[in-house]
Amino acid sequence: MAADKTAEQAWESLARAHVALMRRFQADFRGAEVSMREYDVLLTLARCPYGGARLCELNDRVLLDQSSISRLVERMDAEGLVERGPDPVDRRGTRVRLTDRGRAVLRRMGPRHAAAIAESLGGALTKEELVTLRGLADKVLQAQAEG
């Protein structure tokens, strides 16, 4: 049986849209005080419960592909954006937390990045379409988690 071309075409459109958006957002981070990858880590940590995350949890939660999360966190620690310390639940593990400097950078960069997202997506889609897009993306993500 021939594969359904509709799924293939949908995937290609989604992938092309993703690449175009990521290029735009990465351009917005040129010359910024943190890279887009560092911003992703800061935002992810700010949204983590219990005041941070273990490296493996952080790796699972960041939005960007991050094959070398430990090296990135090490650099961010050296720059004073995050700190690493013992996990209070499992002393064998290390928990990564935002520093005051990391929070300040996130507060400065957040509105700018949110505005770029709103302009890029909100300029192309209606509010109803954005809600639909989120629902569809969540549905695909959930299917991958179950599959």
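Computation of the quantities below employed the complete heavy-atom set of this structure, encompassing side-chain atoms and omitting hydrogens, waters and symmetry-equivalent molecules.
Note that the CG atom of L72 and the CG atom of D77 stand 11.0 Å from one another [nearest 0.5 Å]. To the nearest 0.5 Å, atom CD of residue Q144 and atom CD of residue Q142 are 10.0 Å apart. To the nearest 0.5 Å, the span separating CG on L45 from CE on M76 amounts to 7.0 Å. One finds the CG atom of L42 at 9.5 Å from the CZ atom of R101 (value rounded to the nearest 0.5 Å). Here the CE atom belonging to M36 is positioned 11.5 Å from the CZ atom belonging to R30, to the nearest 0.5 angstrom. A distance of 10.0 Å separates CZ of R75 from OG of S70, quoted to the nearest 0.5 Å.
With contacts defined as side-chain heavy-atom distances shorter than 4.5 Å, the pair D100/R103 qualifies. Using a 4.5 Å cut-off on side-chain heavy atoms (C-beta onward), L43 and V62 make no contact. For the pair R84/E74, a side-chain contact is recorded, criterion being any heavy-atom separation below 4.5 Å from C-beta on. Under the 4.5 Å side-chain criterion, counting only non-hydrogen atoms from C-beta, V41 is in contact with I69. Side-chain contact check for L121 versus L130: some heavy-atom pair is nearer than 4.5 Å. Annotation: side chain of E57 is not in contact with side chain of C48 (no heavy-atom distance under 4.5 Å).
Under the ring pair (Phe, Tyr, Trp, His ring centres under 6.0 Å) criterion, the residue pairs touching residues 105-147 are F25-H113, F29-H113, Y39-H113, with sequence neighbours excluded.
Between K5 and E8 there is a salt bridge, since a side-chain N of the basic residue sits under 4.0 Å from a carboxylate O of the acidic one.
Taking each heavy atom of T99 and V82 in turn, the nearest pair found is CG2-C, 3.4 Å. Between P111 and L106 the shortest heavy-atom distance is CD-O, 4.4 Å. Scanning both residues, M109 and A32, for their nearest heavy atoms gives CE-CB, 3.5 Å.
The backbone N or O of T44 sits nowhere less than 3.5 Å from a side-chain atom of R61 that would complete a donor-acceptor pair. T94 contributes no side-chain N or O that, together with a main-chain N or O of P86, makes up a donor-acceptor pair within less than 3.5 Å.
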Please determine whether side-chain contact (heavy atoms from CB on, under 4.5 Å) holds for the pair N59 and L55, giving the CA-CA distance in whole Å, both sets of side-chain angles, and the decisive distance to 0.1 Å.
CA-CA 6 Å; N59 197 44; L55 281 176; over 6 Å; no
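L14 belongs to a hydrophobic cluster with W11, counting contacts under 4.5 Å between side-chain heavy atoms of Ile, Leu, Val, Met, Phe, Trp and Tyr, direct or through other members.
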